[in-house]
Amino acid sequence: MNVHDSERLAGLLESAGYVPVAEGSDADIVVFNTCAVRENADNRLYGNLGHLYPAKKKNPAMQIAVGGCLAQKDRSVIRDRAPWVDVVFGTHNLHRLPVLLERARHNAAAQVEIAEALEVFPSSLPARRASQHSAWVSISVGCDNTCTFCIVPSLRGGERDRRPGDVLAEVEALVAEGALEITLLGQNVNSYGRSLGDPGAFARLLRACGRVEGLERVRFTSPHPRDFTDDVIEAMALTPNVCPQLHMPLQSGSDAVLRRMRRSYRRDRFLGIVERVRAAMPDAAITTDIIVGFPGETEADFADTLDLVRTARFAGAFTFKYSPRPGTPAAEMDGEVDPAVVSERYERLASLQDEMSWAGNRAQVGRQVEILVSEGEGRKDSETGRLSGRARDGRLVHLLVTGPHAEDGVVRPGDVIETVVTRGAPHHLTADGPLLSHRRTRAGDAWEAARSRGAAGDRTTGEGTAGDGTAGEGTAGAAAGAGRPAVALGMPTMRPSSPASR
Ligand code: 5AD
Ligand code: SF4
């Protein structure tokens, strides 16, 4: 969600006339879009602001803006700790960024503006999409749940659903521009429509996406096990473009811990959903989020988590050490787990999950897979001469382009290929055999057109995996252009995809 908000911020800045600068160049504006879900996000922001201080001192006209969840949480504290920040804005008023920058410049005074409620649904704002072939589409923002560890509801507010017609219009527009894959986004996608008295709305939305001509892959994140009803499983199984993939946060395999987390499902219900999803879609890759060391977690509770992980055979998991968040009920609970015990449990969980992910990936060897080729997902691609992309089930695949389809490097990001998996590693698959097919797509054409305009180079940077269930902070920077400062986008590039790796 934060990554998509960053796309909106970048789009707003571009619409206001700002121009991106290339990565590594000096920018006149730097925007941090922050995350507050765990404590290390706080530390990272203040560290990053400290790093920028010398640049700001050298060039006082440079502007620094901080927005998003941490800004909503810390408000004027950001200015107290880093007085060189020019603009602070929250989660509910992203659209104000250009005005606040302008005002800070004009008045030569910092602007701190935090709204208490959502002012403009972010999806009505322009976006600068990080990828031509895969796009995020918000269906709701905020969350009505009260998980005791989670700071999100207090920073993002209650759930606000977008009208299905608006969601579909955005999906259709994206597909018309070349997108092949969309990921529907919401803090709890399964409660979509409930506030409007329409509990079947999410399943219907999936089916409606199935009727969008040219849309090849539909994913969503994240469902809540409490609200996961069988009509959604049925819609997934019966809608051909909905991918055989599910990211469903578990948090803990212990009923006692789930109760204290105020997650109102129990391990049996979770496993029941996993079973029904597998019955309907035998090849579905199921991934999850797990927190280790929640207050009061005993060795027996943790053993329940390990047991569930073994039974569920997750294709991947984002695992987190519990981090107390101010204002949340869990932060006041007794029973803090000794950090050394948390670390030791974390390692045990991570190695069990690695084992499970690896076994799942080895079982893919010999399978024919369809891959949507992406950009920036293979750290070693330039060394190994491989391309990377995602299979329909969200698994990350590195592949060699050989055989008749290899000529002139014609396979472009956004194109779709078929090949056979030759090796399964813990966090990715390799496919080094000849390509079985290569389909040039509108998304590939769009990528090529953008590259020839010279725009592709600054579209994406870095690795595609966040290694982290929530995308962290993103930064956008800007440098002076024709009368207007310009923006360098250090956009985070967690793609709409599942955590094929932790
Ligand atoms: N401590 C650790 N992990 C957390 N998450 C959310 N809040 C916390 C916290 N206080 C994790 C959950 C959630 C994911 C996005 O982040 O697993 O699903
Ligand atoms: Fe936080 Fe997700 Fe629980 Fe909502 S459902 S309170 S976002 S963990």
Side-chain angles (χ1 to χ4, degrees), residues 1-5 34-43 68-70 72-73 91 138-161 185-192 194-195 202 220-228 246-254 257-265 270 286-297 305 308-309 314 316-333 336-337 339 342-343 345-346 349-350 353 466-473 494 498-499 502:
M1 194 147 290
N2 266 23
V3 172
H4 185 43
D5 279 349
T34 59
C35 172
V37 80
R38 284 173 299 278
E39 195 181 358
N40 61 4
D42 292 37
N43 302 337
C69 285
L70 198 65
Q72 188 79 25
K73 169 176 155 290
T91 49
S138 275
I139 66 168
S140 63
V141 292
C143 180
D144 288 339
N145 290 325
T146 53
C147 304
T148 53
F149 54 81
C150 184
I151 200 170
V152 168
S154 74
L155 300 178
R156 293 235 176 217
E159 179 172 331
R160 288 267 299 266
D161 293 349
L185 274 181
Q187 231 76 52
N188 174 4
V189 291
N190 298 106
S191 57
Y192 178 70
R194 305 250 155 112
S195 59
F202 185 61
F220 57 87
T221 192
S222 294
H224 191 298
R226 183 195 62 195
D227 303 313
F228 205 111
L246 178 66
H247 180 74
M248 181 166 66
L250 165 67
Q251 313 302 6
S252 171
S254 152
V257 173
L258 287 171
R259 193 171 306 117
R260 283 203 305 285
M261 287 177 162
R262 228 181 276 152
R263 302 272 296 179
S264 52
Y265 55 89
F270 188 95
I286 302 177
T287 55
T288 197
D289 292 347
I290 300 173
I291 298 175
V292 176
F294 186 79
E297 184 190 73
T305 298
L308 197 151
V309 164
F314 295 117
F318 291 129
T319 49
F320 308 104
K321 293 180 183 171
Y322 168 70
S323 162
R325 305 285 54 223
T328 58
E332 309 295 316
M333 286 180 188
E336 189 199 341
V337 184
V342 177
S343 293
R345 286 183 190 163
Y346 181 88
L349 174 63
Q353 182 51 50
D468 184 335
T470 46
E473 307 92 286
M494 183 179 162
S498 76
R502 226 177 357 96

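Everything numeric in this text was worked out from a predicted model, so none of it was measured. We count residues from 1, following the sequence as given. First listed ligand is number 1; within each ligand, the first listed atom is number 1.
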### Task
Indicate yes or no: does an N/O atom of Arg38 lie under 3.5 Å from an N/O atom of ligand 1?
yes
### Query
Between Phe149 and ligand 1, does any nitrogen or oxygen pair lie at a separation below 3.5 Å?
yes
### Query
Between Tyr322 and ligand 1, does any nitrogen or oxygen pair lie at a separation below 3.5 Å?
no
### Task
Scan side-chain atoms only and decide if Glu159 and Ser191 contain a donor-acceptor pair under the 3.5 Å cut-off.
yes
#### Entry: Numbering as shown, the atoms of ligand 2 that approach His224 to under 4.0 Å (heavy-atom distance)
5 (S)
### Task
For Cys150, take its heavy atoms, then give the atoms of ligand 2 lying under 4.0 Å from any of them.
1 (Fe), 6 (S), 7 (S), 8 (S)
### Task
Have a look at ligand 1 and work out which part of Lys321, if any, has a heavy atom under 4.0 Å from it: side chain, backbone, both or neither.
backbone
### Task
May I ask you to identify, for Pro249, whether its side chain, its backbone, both or neither come under 4.0 Å of ligand 2 on a heavy-atom basis?
neither
### Query
Any luck finding a side-chain donor-acceptor pair between Arg263 and Asn145 under 3.5 Å?
no
### Message
Under 4.0 Å from a heavy atom of Phe149: which atoms of ligand 2 are those, numbered in the order shown and with their elements?
### Response
8 (S)
### Message
With respect to atom 1 (Fe) of ligand 2, please indicate if Cys147 possesses an N, O or S atom at a distance under 2.8 Å.
### Response
no
### Query
When you measure from atom 4 (Fe) of ligand 2 to every protein heavy atom, which one gives the shortest distance, and what is it?
Cys143 SG, 2.3 Å
### Summary
Check: of Pro324, Ser323, Gly293, Ser252, min heavy-atom distance to atom 10 (N) of ligand 1 comes from Ser323
### Region of Val37 engaging ligand 1 - heavy atom pairs below 4.0 Å
both
### Any Arg263 heavy atom less than 4.0 Å to ligand 2
yes
